[in-house]
Amino acid sequence: MPEDDLEDLPGVGPATADKLMDSGFESYQAIAVASPGEMSNTADVGESTAADIINAARDAADIGGFETGSTVLERREEIGKLSWLIPEVDDLLGGGIETQSITEVYGEFGSGKSQVTHQMAVNVQLPKEHGGLEGACIFIDSEDTFRPERIDDMIRGLDDEIIADLLERREIEGSPGDDDTMDALLDSFLDHIHVAKAFNSNHQILLAEKAKELARDNEDAEFPVRLLCVDSLTAHFRAEYVGRGELAERQQKLNKHLHDLMRIGDLYNTAVLVTNQVASNPDSYFGDPTQPIGGNILGHTSTFRMYLRKSKGDKRIVRLVDAPNLADGEAVMRVQDGGLKPE
Ligand code: GTP
Ligand code: MG
């Protein structure tokens with residue numbers, strides 16, 4: 001249940017609060033990112049009232065504040081790297097995807113974006129000596145893409161040495177390959193993957209808020225949240241804001257959403273991994289099919305951008321694009337039954 005009491009906002013009585021809730025404006029944060037026109041249309045309040053409500057919610061919502069340089073430095077020293085377990089890709093990234101950063105993986109359908117999110121939900125749980133961060137994963141799923149069976153495949157696809165180490169650490173009896181043993185191992189992995197489906201873009205924005213609470217509540221847990229996946233980041237926004245006239249509003253919301261995600265990354269030392277399609281429709285605003293949806297705003301916010309391209313058979317080309325302090329370059333990986341593998 002939402003914690004924010006909408007009736008605390010000036011001008012919002014019980015009836016308006018109900019209307020807002022029914023229209024999906026369930027928290028200060030959800031209201032803060034709305035536009036007066038949108039709220040007026042969907043929640044049936046006057047546009048100027050809507051503007052007042054939005055302004056009040058912006059003041060009330062947690063939108064962050066200032067901190068000293070030494071606090072920033074301290075936090076940066078904690079940055080962790082999450083390995084893909086593909087040496088060529090890890091080399092491109094200087095070790096792996098970073099916590100306290102947003103990594104955007106974009107590419108056309110079937111290029112392997114969702115495979116990357118699944119593999120990372122496994123890898124993040126591995127001990128540090130095996131490239132992981134001994135952390136949990138939050139998975140915001142906007143395309144009904146999450147498959148526990150695929151996690152199972154990927155665990156079975158890990159090196160024998162890693163599996164043996166995991167069984168010992170997780171105090172699971174039995175030997176690798178044994179079905180009961182592997183089922184128990186799978187359960188222990190699934191326990192550390194928190195999945196929520198996002199039904200529309202507003203819901204997705206709300207789920208980011210929930211993700212923040214979950215990361216906060218698990219900060220001192222055995223498996224703190226070290227990875228937040230959003231697959232796909234843009235699909236709902238793209239489907240809901242279709243007209244040219246809605247582009248600015250879409251970008252504004254997407255921008256706010258990305259900053260919410262970034263804030264979780266910063267506050268809880270979490271890697272944020274988002275997927276994004278490329279424009280396939282030549283009539284779309286971004287006619288170039290090698291350009292990710294969302295244009296510049298997304299480009300400036302995501303610290304690492306990786307472009308996936310299909311190649312022959314199970315091969316995929318991974319290209320690092322515009323990363324700060326890293327050279328652009330390409331690597332090859334394969335999408336196999338056991339997960340993402342080196343060439
Ligand atoms: P969209 O979400 O449609 O934009 O695509 P995506 O980029 O997320 O693609 P996804 O990660 O779903 O990759 C799909 C591809 O992964 C398929 O075309 C298969 O080649 C491969 N794949 C998925 N599951 C398996 C599997 O169990 N075994 C093998 N060998 N390949 C798989
Ligand atoms: Mg996908």
Side-chain angles (χ1 to χ4, degrees), residues 82 84-86 89 97 102-124 137-159 182-183 185-186 189-190 193 195-201 204 207 227-240 254 261 271-282 284 286 288-295 298 302 304-321 330-343:
L82 170 55
W84 288 50
L85 298 179
I86 302 171
V89 177
I97 68 170
I102 296 183
T103 301
E104 173 192 356
V105 172
Y106 69 94
E108 67 172 329
F109 69 93
S111 59
K113 304 179 292 293
S114 298
Q115 299 303 308
V116 173
T117 56
H118 281 72
Q119 185 73 58
M120 291 304 161
V122 170
N123 294 5
V124 71
C137 169
I138 296 178
F139 202 110
I140 298 179
D141 182 358
S142 74
E143 300 193 298
D144 196 14
T145 215
F146 181 76
R147 294 288 174 274
E149 301 81 1
R150 212 40 202 133
I151 300 294
D152 190 19
D153 292 343
M154 288 173 172
I155 294 169
R156 289 169 188 268
L158 292 168
D159 285 352
M182 294 311 282
D183 284 350
L185 186 58
L186 171 63
F189 268 81
L190 294 178
I193 305 176
V195 188
K197 277 186 205 170
F199 298 111
N200 56 45
S201 64
Q204 188 173 319
L207 286 175
L227 175 67
L228 169 58
C229 294
V230 187
D231 186 16
S232 137
L233 175 77
T234 44
H236 283 313
F237 291 89
R238 189 186 189 188
E240 290 165 31
L254 203 47
L261 298 175
V272 180
L273 176 62
V274 305
T275 70
N276 191 6
Q277 288 101 338
V278 292
S280 51
N281 175 359
S284 66
F286 308 102
D288 181 349
T290 66
Q291 289 305 304
I293 306 298
L298 198 49
S302 50
F304 298 93
R305 325 184 74 191
M306 309 187 75
Y307 178 34
L308 297 189
R309 237 163 48 237
K310 289 187 222 171
S311 180
K312 238 181 151 181
D314 62 1
K315 275 199 205 174
R316 298 292 186 277
I317 316 288
V318 185
R319 169 187 276 271
L320 180 69
V321 186
E330 286 190 349
V332 181
M333 66 173 184
R334 290 178 185 274
V335 184
Q336 300 190 326
D337 287 350
L340 304 181
K341 298 289 169 193
E343 196 187 354

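Counting convention: from 1, in listed order, for ligands and their atoms alike. Note that the coordinates shown come from a computational prediction; the quantities given were computed from them, not determined experimentally. All values below were derived from every heavy atom in this structure, side-chain atoms included, with hydrogens, water molecules and symmetry-related copies excluded.
Looking at Arg316 against ligand 1, only its side chain comes within 4.0 Å, counting heavy atoms. Residue contacts with ligand 1, taken as heavy atom pairs separated by less than 4.0 Å, involve Gln336 solely via the backbone atoms N, CA, C and O. Here Arg150 has side-chain heavy atoms under 4.0 Å from ligand 1, and that is the only part of it that gets that close.
Of the protein's heavy atoms, Gln115 NE2, 3.3 Å lies nearest to atom 23 (C) of ligand 1. Counting only heavy atoms of the protein, atom 4 (O) of ligand 1 lies nearest to Lys113 NZ, 2.8 Å. Atom 3 (O) of ligand 1 has Phe109 CB, 3.5 Å as its closest protein atom, hydrogens excluded (heavy atom only). For atom 14 (C) of ligand 1, the nearest non-hydrogen atom of the protein is Gly110 CA, 3.9 Å. Protein heavy atom nearest atom 2 (O) of ligand 1, with residue, atom name and distance: Glu143 OE1, 3.7 Å. Considering only non-hydrogen protein atoms, atom 28 (N) of ligand 1 sits nearest to Asp337 OD1, 2.9 Å.
Looking at Gly107 next to ligand 1, no N or O pair under 3.5 Å apart turns up. Taking only nitrogen or oxygen atoms, main chain and side chain alike, Gln277 does not reach within less than 3.5 Å of ligand 1.
A salt bridge links Arg309 with Glu330: the distance from a Lys NZ or Arg NE/NH1/NH2 to an Asp or Glu carboxylate oxygen falls below 4.0 Å. Salt-bridge formation is detected for the pair Lys197/Asp144: a Lys NZ or Arg NE/NH1/NH2 atom is positioned less than 4.0 Å from an Asp or Glu carboxylate oxygen. Ion pair Arg156/Asp153 not flagged as a salt bridge, since none of the NZ, NE, NH1 or NH2 atoms sits closer than 4.0 Å to an Asp/Glu carboxylate oxygen. With respect to Arg334 and Glu343, no salt bridge is recorded, no charged nitrogen being found less than 4.0 Å from a carboxylate O.
Under a 4.0 Å heavy-atom criterion, Asp153 is in contact with ligand 1. In this structure, His118 does not count as a contact residue of ligand 1, since none of its heavy atoms falls inside 4.0 Å of the ligand.
Both tests hold for Lys310 against Phe109: distance to the six-membered ring centre under 6.0 Å, angle to the ring axis within 45°.
Here the side chain of Thr145 pairs no donor or acceptor atom with the backbone of Ser114 at under 3.5 angstrom.
In Lys341, the NZ atom is crowded: over 12 heavy atoms of neighbouring residues, nucleotides or ligands sit closer than 6.0 Å.
Looking at Glu240, Arg238, His236 one by one, the single match for side chain to side chain donor-acceptor pair (under 3.5 Å) with Ser201 turns out to be Glu240.
Here Ser114 reaches the Mg ion (ligand 2): one of its N/O/S atoms is less than 2.8 Å from the metal.
Two rings, from Phe139 and His118, have their centers less than 6.0 Å apart.
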